[in-house]
Enquirer: 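Let me give you the structure first, and then I'll get to my questions.
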Amino acid sequence: MPPGRLPSSPSTGSALTLGLVLATWWPLAASWLLMGIEMPLVTAVMGRLPDETVQLAAYGGVFFPISLAIEAPVIMLLAASTRLCDSPENYRYLQRFSRRLGLALTGVHGLIAFTPLFDLVVVPLLDTPEAVVEPARLGFQFMLPFTIAVAERRFHQGVLIRYGRQRKVGVGTIIRLVAVVIPLMIGLAIGTEHSAAVAGFAISSGVVAEAIYARWCVLEVERGPMREAVSERSLDLGTTISFYFPLALTSVLSLASYPICSAGMNRMPDALTSLAIWSAVTGLGFFSRSSGMAFNEVVIRHAGDPEGARVLTRFMLIFGLGISALVALVAATPLGEVWYVDLERIPEDGMSMARLATWLMVPMPFLTFLISYWQGMLVHAHQTRPISEGVGIGLATIGLVLVIFVSLGTVPGGVAATLAITVAGVLQAVWLAIRWNGVRRRGIVAAA
């Protein structure tokens with residue numbers, strides 16, 4: 001085996017079928033959908049407690065986005081462990097790597113949360129109002145276990161997916177939601193004035209509980225199929241970093257799009273209405289795209305199977321186009337009012353903007369399936385750099401489109417931001433397709 005090559009992809013050894021792809025995909029898609037419930041649930045509880053405006057600003061506007069930014073480099077441990085944990089030796093090596101990365105980032109979180117760095121970095125960076133600073137600081141301190149727990153959770157979930165235990169990932173998400181709900185209900189029962197701190201504690205409790213469950217489930221894999229697995233090459237620091245760094249950069253760049261969109265909307269017409277509908281629009285976007293996001297690990301899991309590319313492509317077309325059609329249905333029928341007005345309670349004068357934004361969002365579920373397919377195939381071929389290139393192109397596109405609309409000053413921010421995200425998705429998908437075709441022409445896939 002040539003130096004620097006990574007272990008081979010998992011394969012079932014038999015021809016892939018749509019039924020097998022569905023069996024792998026649906027628990028992961030369900031897990032993503034369940035995760036989408038968490039933030040609206042936290043917000044709903046906080047909105048029923050005292051000082052809700054300040055506490056919600058501390059949560060949604062300060063400590064939760066900063067916590068996500070710090071943990072971004074560990075998000076792709078799920079894809080890495082799905083791909084690389086093909087032997088006991090490589091599993092233990094990548095486990096040490098993931099824990100060191102998680103602990104290092106947790107150290108960064110702790111330094112910011114418990115030292116004057118919070119006032120020197122976070123407050124001026126986000127231009128945090130004075131009334132929000134202390135609730136945000138307290139909530140951020142309660143989020144300290146978040147990053148290391150996410151690292152443990154995603155690493156072990158990848159192992160479960162690789163060895164066919166993906167249903168346990170969905171069970172873990174249910175456990176996480178229960179662990180989030182309990183502190184929230186206690187806070188609601190006592191009527192606490194520190195709901196931002198309760199939110200931080202609840203979110204941390206959820207990811208810690210899910211991480212413990214995932215680790216417990218992997219014990220069965222360690223004692224079973226992993227013991228018989230043999231890899232062609234042991235991982236080392238060089239091959240691990242060259243494989244993982246582009247994936248980590250991908251998640252970092254992806255999270256950067258959220259503050260960029262917010263900054264753009266604040267500088268466009270109808271800024272307040274745009275901000276009022278944005279969480280509802282992005283909430284629908286998350287639910288409609290989540291199943292496509294889950295498809296990434298499915299492709300990594302089955303890319304090496306006989307008939308893998310053909311069956312995965314067929315699955316992608318069926319479900320990607322189907323879910324995009326459902327979004328079009330929401331945009332074209334009274335279901336739009338049900339989602340935006342009855343459930344999300346946006347201002348009624350924002351409904352026309354929300355409907356237009358929904359029409360612009362129709363291609364995104366299909367684009368997400370496309371992007372996940374090509375990303376998964378590139379990971380299978382050990383070519384992770386094009387993935388971060390694609391995300392970089394998408395982020396640059398969002399910035400450019402928003403700058404153009406800010407200059408024009410004629411399009412509402414919610415519409416412009418949605419269009420920017422969709423155009424970015426198109427260009428990202430095109431770039432990944434080009435890079436994947438180049439990899440295939442060079443014969444790297446066969447060698448993988």
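Quantities reported herein were computed from a predicted structural model and do not represent experimental measurements.
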Enquirer: Which atoms form the tightest heavy-atom contact between Tyr244 and Leu77, and what is the distance?
Expert: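 What the structure gives for the nearest pair is OH-N, 3.3 Å.
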Enquirer: Check this for me: does any side-chain nitrogen of one of Glu297 and Arg162 sit under 4.0 Å from a carboxylate oxygen of the other?
Expert: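 Salt bridge: no.
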Enquirer: Okay, side chain of Gln141, backbone of Ala113: is any donor-acceptor separation there less than 3.5 Å?
Expert: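 Yes, the answer is positive, given that a donor and an acceptor are paired below the 3.5 Å cut-off.
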Enquirer: In terms of heavy-atom contacts, does CD of Glu337 have more than 12 from other residues, nucleotides or ligands at under 6.0 Å?
Expert: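 Above 12, so yes.
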Enquirer: Checking the side chain of Thr106 only, and the main-chain atoms of Ile148 only, is there a donor and an acceptor separated by less than 3.5 Å?
Expert: yes
Enquirer: For Phe155, does its backbone N or O pair with a side-chain atom of Ser81 as donor and acceptor, under 3.5 Å?
Expert: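 Checking the backbone N and O of Phe155 against the side chain of Ser81, a donor-acceptor pair under 3.5 Å is found.
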Enquirer: Mind running side-chain contact (heavy atoms from CB on, under 4.5 Å) on His380 and Val299 for me, showing each step along the way?
Expert: CA-CA 8 Å; His380 165 63; Val299 176; over 6 Å; no
Enquirer: Can you tell if the side chain of Ile66 reaches within under 4.5 Å of the side chain of Ile70, non-hydrogen atoms only?
Expert: yes
Enquirer: Is a donor on one side and an acceptor on the other found under 3.5 Å between the side chain of Thr192 and the backbone of Leu188?
Expert: no
Enquirer: Once salt bridge (Lys or Arg N to Asp or Glu O under 4.0 Å) is applied, what residue pairs with a partner in residues 374-396 remain, sequence neighbours excluded?
Expert: Arg385-Glu389, Glu389-Arg435
Enquirer: For residues Leu432 and Leu378, report the shortest heavy-atom separation together with the two atoms involved.
Expert: CD2-CD1, 3.8 Å
Enquirer: Sequence neighbours excluded and cut-off under 3.5 Å, please list the side-chain donor-acceptor pairs for residues 402-422, or say none.
Expert:
from   : atom 1 : to     : atom 2 : distance (Å)
Ser407 : OG     : Val403 : O      : 2.9
Thr418 : OG1    : Gly414 : O      : 2.8
Thr422 : OG1    : Leu360 : O      : 2.9
Thr422 : OG1    : Thr418 : O      : 3.1

Enquirer: Indicate the ring-plane relationship of Phe201 and Phe142, choosing parallel, tilted or perpendicular according to the 30° and 60° boundaries.
Expert: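 Judged by the thresholds at 30° and 60°, the geometry between Phe201 and Phe142 is perpendicular.
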Enquirer: Please check this pair: side chain of Ser204 against backbone of Pro145, looking for a donor-acceptor N/O pair closer than 3.5 Å.
Expert: no
Enquirer: Is there a side-chain hydrogen bond (donor to acceptor under 3.5 Å, both in side chains) between His156 and Gln95? Walk through the geometry before answering.
Expert: CA-CA 8 Å; His156 289 109; Gln95 186 182 60; 3.2 Å; yes
Enquirer: Would you say that Val298 contacts Arg301 through its side chain, given a criterion of any heavy-atom pair below 4.5 Å between the two side chains?
Expert: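 Sidechains of Arg301 and Val298: no contact.
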Enquirer: For Ala332 versus Trp359, what's the shortest heavy-atom pair and its separation?
Expert: CB-CZ2, 3.5 Å
Enquirer: Any sub-3.5 Å donor-acceptor pair from Thr239's side-chain atoms to Leu235's backbone N or O?
Expert: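 Looks like no, no N/O pair under 3.5 Å.
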Enquirer: Which heavy-atom pair separates Ala331 from Thr358 by the least distance, and what is that distance?
Expert: CB-CG2, 3.7 Å
Enquirer: Under the salt bridge (charged side-chain N to carboxylate O under 4.0 Å, His left out) rule, what do Arg99 and Glu152 come out as? Steps first, then yes or no, please.
Expert: CA-CA 7 Å; Arg99 285 176 175 169; Glu152 284 284 293; 2.7 Å; yes
Enquirer: Once the angle between the rings of Phe315 and Phe369 is folded into 0 to 90°, is it parallel (under 30°), tilted (30 to 60°) or perpendicular (over 60°)?
Expert: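 The rings of Phe315 and Phe369 sit tilted, inter-plane angle from 30° to 60°.
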Enquirer: By the definition salt bridge (Lys or Arg N to Asp or Glu O under 4.0 Å), identify the one residue from Lys168, Arg153, Arg154 that meets it with Glu210.
Expert: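 Answer to the salt bridge (Lys or Arg N to Asp or Glu O under 4.0 Å) test with Glu210 among Lys168, Arg153, Arg154: Arg153.
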Enquirer: Does Trp25 have its ring centroid less than 6.0 Å away from the ring centroid of Phe319?
Expert: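 Between Trp25 and Phe319, the centre distance is under 6.0 Å.
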Enquirer: Which pair of heavy atoms, one from Phe243 and one from Thr384, lies closest together, and at what distance?
Expert: O-OG1, 2.9 Å
Enquirer: Would you kindly say whether His194 and Gln55 are connected by a side-chain donor-acceptor distance under 3.5 Å?
Expert: no
